[in-house]
Enquirer: 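One structure is given below, represented as structure tokens, and several questions about it will come after.
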Amino acid sequence: MSDAQAEVEKLDSGSSEDSGSQRAEIFERQTGWRGYYYHPVTQVSILGLVCFMCPGMFNALTGLGGGGQVNTTDQANSSASVYSTFAFFGFFSGSVNNVLGPRRTLMLGTWGYSLYIAAFLAVNIHPGAGAFVVTAGAILGVCAAFLWTAQGSLMMSYPTEAQKGMFISIFWAIFNLGGVVGSAVAFGNNFKSTVVSNGTYVGFLILTLIGVLLPLVMVDPDKMIRTDGTRVNLVRHPSWKTEFFSLFVALKTDPWIILLFPMFLASNYFYTWQFNDYNGAIFNIRARGLNNFMYWTSQIFGSIFIGYFVLDQKRVRRRVRAFYGWVLVFFMVFVIHVWAYFYQKTYTRAQEAATGAYKIDILDKTYAAHVWLMIFYGLLDSMWQTYAYWLMGAMSNDPAKLAVFTGFYKSLQSAGAAGVWAADGAKVPYMNIFLSTWCLTVAGMIFAAPMVYLRVTDHTEIEDEAL
């Protein structure tokens with residue numbers, strides 16, 4: 001037996017014992033102002049603010065189509081580089097999180113967003129700086145892998161089993177407010193413009209820099225006590241060798257996670273068609289800004305609906321709730337893609353790229369019907385992501401194990417996104433990208449069904465708590 005394997009087994013046995021004792025022992029929570037500050041809802045809200053400032057501004061920029069640029073090629077190539085490095089480092093980011101700790105990992109992940117926004121400001125001033133945007137995208141991919149893994153491990157480990165849907169909804173609502181505010185600013189600044197102004201990029205840059213500092217005010221996870229008095233499992237800080245070995249241990253001990261891989265792969269794949277091949281293709285700048293605002297606003301309502309009203313219903317067993325969530329998401333996938341198909345049939349990449357091609361404006365009679373599709377895509381995205389996080393949270397309450405699962409999630413999510421953004425940059429026909437998106441989302445739900453049926457239980461067992 002290797003030294004790494006021996007250390008993993010030692011950690012596992014220790015974690016299981018700790019988990020069992022924490023289940024039996026109730027700890028006294030802080031009182032007074034500390035009680036509010038150390039409350040799991042407060043900490044998840046601060047976590048949401050971090051993502052409001054950083055990924056939220058990234059989403060607002062991406063949602064404009066082409067990063068707000070008239071020529072979308074640089075943004076498509078940059079997104080491909082973002083998700084390529086994200087996919088590679090995401091696979092190992094759970095190990096980095098478990099060695100450095102979530103707060104350090106979170107802070108390490110934030111600064112890449114500031115660099116990325118600065119790159120778009122540079123290309124807005126100097127149009128020939130497209131290579132800088134692509135390079136900044138590659139660096140952001142590394143940082144984003146760290147940020148989202150730390151985020152996932154904290155968000156899924158702070159709530160009790162009965163609160164996970166609500167906590168995911170709280171985080172998702174605050175996070176998407178970043179996209180809402182950013183989109184509103186972009187829409188207002190560019191209402192009478194055909195291009196995004198420098199001031200829009202500067203505003204986004206300032207907000208991301210604030211986000212870099214926010215992890216400093218978060219409580220150390222080791223000091224967190226849940227609302228039912230149970231302590232969050234202590235975050236391990238093993239050797240790098242041991243932690244990398246635990247990636248394979250996670251797959252061996254809980255292989256059901258593999259059935260979620262197609263769902264993970266699809267979870268950012270659909271953004272390319274929504275943002276570049278629909279919003280960025282057939283609308284003018286101000287319509288794109290308003291569409292973006294409506295998209296991210298609808299995400300708030302979608303996450304709250306499925307998280308609080310479906311996945312956290314107190315009168316229904318957890319297994320039944322899991323099936324309710326699956327049916328709802330699967331229904332949304334089919335309804336929305338059938339609707340979108342009838343729009344996609346009316347235009348091609350060559351037609352929209354032609355000089356003088358007409359772009360839909362907010363005052364056009366056809367605009368209302370088209371913006372409703374963006375609203376429903378926002379609902380679907382938030383429900384998809386919330387349900388994926390909830391399923392992982394139903395598999396364990398241990399931050400270390402959840403960090404590994406989140407790393408798998410973000411790695412595969414980014415691999416799918418990298419491939420489709422590269423295809424968009426290579427000018428693959430819009431219809432091809434749309435149909436591949438539709439097929440992959442359906443496949444993701446079909447593969448997840450056996451995992452929902454065979455793996456999700458009414459309560460997380462002690463042996464599921466750790467790797």
Enquirer: Stepwise, does the ring pair (Phe, Tyr, Trp, His ring centres under 6.0 Å) test hold for F120 with Y116?
Expert: CA-CA 7 Å; F120 273 94; Y116 188 75; 5.1 Å; yes
Enquirer: Is there side-chain contact between F261 and F408, with at least one heavy-atom pair below 4.5 Å?
Expert: yes
Enquirer: Who pairs with Y269 by side-chain hydrogen bond (donor to acceptor under 3.5 Å, both in side chains), at least two apart in sequence or on another chain?
Expert: S436
Enquirer: How would you list, by chain and number, every residue that makes a side-chain contact (heavy atoms from CB on, under 4.5 Å) with Y347, sequence neighbours excluded?
Expert: W273, Y278, A281, I282, Q344, Q351, E352, Y430
Enquirer: Could you work out, with ring-ring contact (aromatic ring centres under 6.0 Å, His included) as the rule, every residue matching W111, not counting sequence neighbours?
Expert: none
Enquirer: So, using side-chain hydrogen bond (donor to acceptor under 3.5 Å, both in side chains) as the criterion, who are the partners of T135 when residues are at least two apart?
Expert: none
Enquirer: Is atom OH of Y308 surrounded by more than 12 heavy atoms (other residues, nucleotides or ligands) closer than 6.0 Å?
Expert: no
Enquirer: Can you name the side-chain hydrogen bond (donor to acceptor under 3.5 Å, both in side chains) partners of Y367, sequence neighbours left out?
Expert: N291
Enquirer: Considering residues, nucleotides and ligands other than Y341, do more than 12 of their heavy atoms fall under 6.0 Å from its OH?
Expert: no
Enquirer: With a sphere of 6.0 Å drawn around CH2 of W339, does it hold more than 12 non-hydrogen atoms of other residues, nucleotides or ligands?
Expert: yes
Enquirer: Applying ring-ring contact (aromatic ring centres under 6.0 Å, His included), name anything that partners W390, two or more places apart in sequence or on another chain.
Expert: none
Enquirer: Return the set of residues passing side-chain contact (heavy atoms from CB on, under 4.5 Å) with V442 (not counting sequence neighbours), or none when no residue passes.
Expert: F330, V333, F334, W438, I446
Enquirer: If you look at every heavy atom in G325 and L311, which pair is closest and at what distance?
Expert: CA-CD2, 4.1 Å
Enquirer: What do you reckon, is OH of Y343 surrounded by more than 12 foreign heavy atoms closer than 6.0 Å?
Expert: yes
Enquirer: Classify the ring geometry between F175 and F171 as parallel (under 30°), tilted (30 to 60°) or perpendicular (over 60°).
Expert: parallel
Enquirer: Nearest heavy-atom pair of N276 and A76: which atoms, and what distance?
Expert: ND2-CB, 4.1 Å
Enquirer: Got L205 and Y201 here, is their nearest side-chain heavy-atom distance under 4.5 Å?
Expert: no
Enquirer: Only pairs at least two apart or in different chains count here, so list each salt bridge (charged side-chain N to carboxylate O under 4.0 Å, His left out) that has a residue in residues 316-337.
Expert: E161-R318, R317-D458
Enquirer: Name all pairs fulfilling the side-chain hydrogen bond (donor to acceptor under 3.5 Å, both in side chains) condition that reach into residues 255-266, sequence neighbours left out, sorted by first residue then second.
Expert: none
Enquirer: Does L380 form a side chain to side chain contact (heavy atoms under 4.5 Å, CB included) with H337? I'd like the steps, not just the answer.
Expert: CA-CA 10 Å; L380 172 60; H337 282 89; 4.1 Å; yes
Enquirer: Give me the atom names and distance for the closest heavy-atom approach of S114 to L209.
Expert: OG-CD2, 3.5 Å
Enquirer: Determine the interplanar angle of the Y389 and Y409 rings, folded into 0 to 90°, and report it as parallel if under 30°, tilted if 30 to 60°, perpendicular if over 60°.
Expert: perpendicular
Enquirer: Using the ring centroid of each side chain, check whether F187 and F191 are separated by less than 6.0 Å.
Expert: yes
Enquirer: Do we see a donor-acceptor contact under 3.5 Å between the side chains of Q274 and N279?
Expert: no
Enquirer: Which pair of heavy atoms, one from S303 and one from A173, lies closest together, and at what distance?
Expert: OG-N, 4.1 Å
Enquirer: Go through the structure and list residues passing ring-ring contact (aromatic ring centres under 6.0 Å, His included) with F52, not counting sequence neighbours.
Expert: none
Enquirer: Go through the structure and list residues passing ring-ring contact (aromatic ring centres under 6.0 Å, His included) with Y295, not counting sequence neighbours.
Expert: F275
Enquirer: Run Y387 and M445 through side chain to side chain contact (heavy atoms under 4.5 Å, CB included) and show every step you take.
Expert: CA-CA 11 Å; Y387 187 56; M445 294 306 296; 4.3 Å; yes
Enquirer: Take D361 and R286, measure what side chain to side chain contact (heavy atoms under 4.5 Å, CB included) needs, and give me the verdict at the end.
Expert: CA-CA 7 Å; D361 184 66; R286 69 177 181 179; 2.7 Å; yes
Enquirer: Of all the heavy-atom pairs spanning T208 and C54, show the shortest one and how long it is.
Expert: O-SG, 3.6 Å
Enquirer: Please evaluate residues I257 and M392 with respect to the criterion side chain to side chain contact (heavy atoms under 4.5 Å, CB included), reporting the C-alpha separation (whole Å), side-chain torsions for both, the decisive distance (0.1 Å), and the verdict.
Expert: CA-CA 8 Å; I257 191 71; M392 288 186 285; 4.3 Å; yes
Enquirer: Can you find a heavy atom in the side chain of M218 that is under 4.5 Å from one in the side chain of L154?
Expert: yes
Enquirer: Within 45° of the six-membered ring axis of F283 and under 6.0 Å from that ring's centre, is NZ or CZ of R288 located there?
Expert: no
Enquirer: Quick check: do V142 and F86 have side-chain heavy atoms less than 4.5 Å from each other?
Expert: no
Enquirer: Taking only residues two or more places apart in sequence or in another chain, which ones pass side-chain hydrogen bond (donor to acceptor under 3.5 Å, both in side chains) with S157?
Expert: none
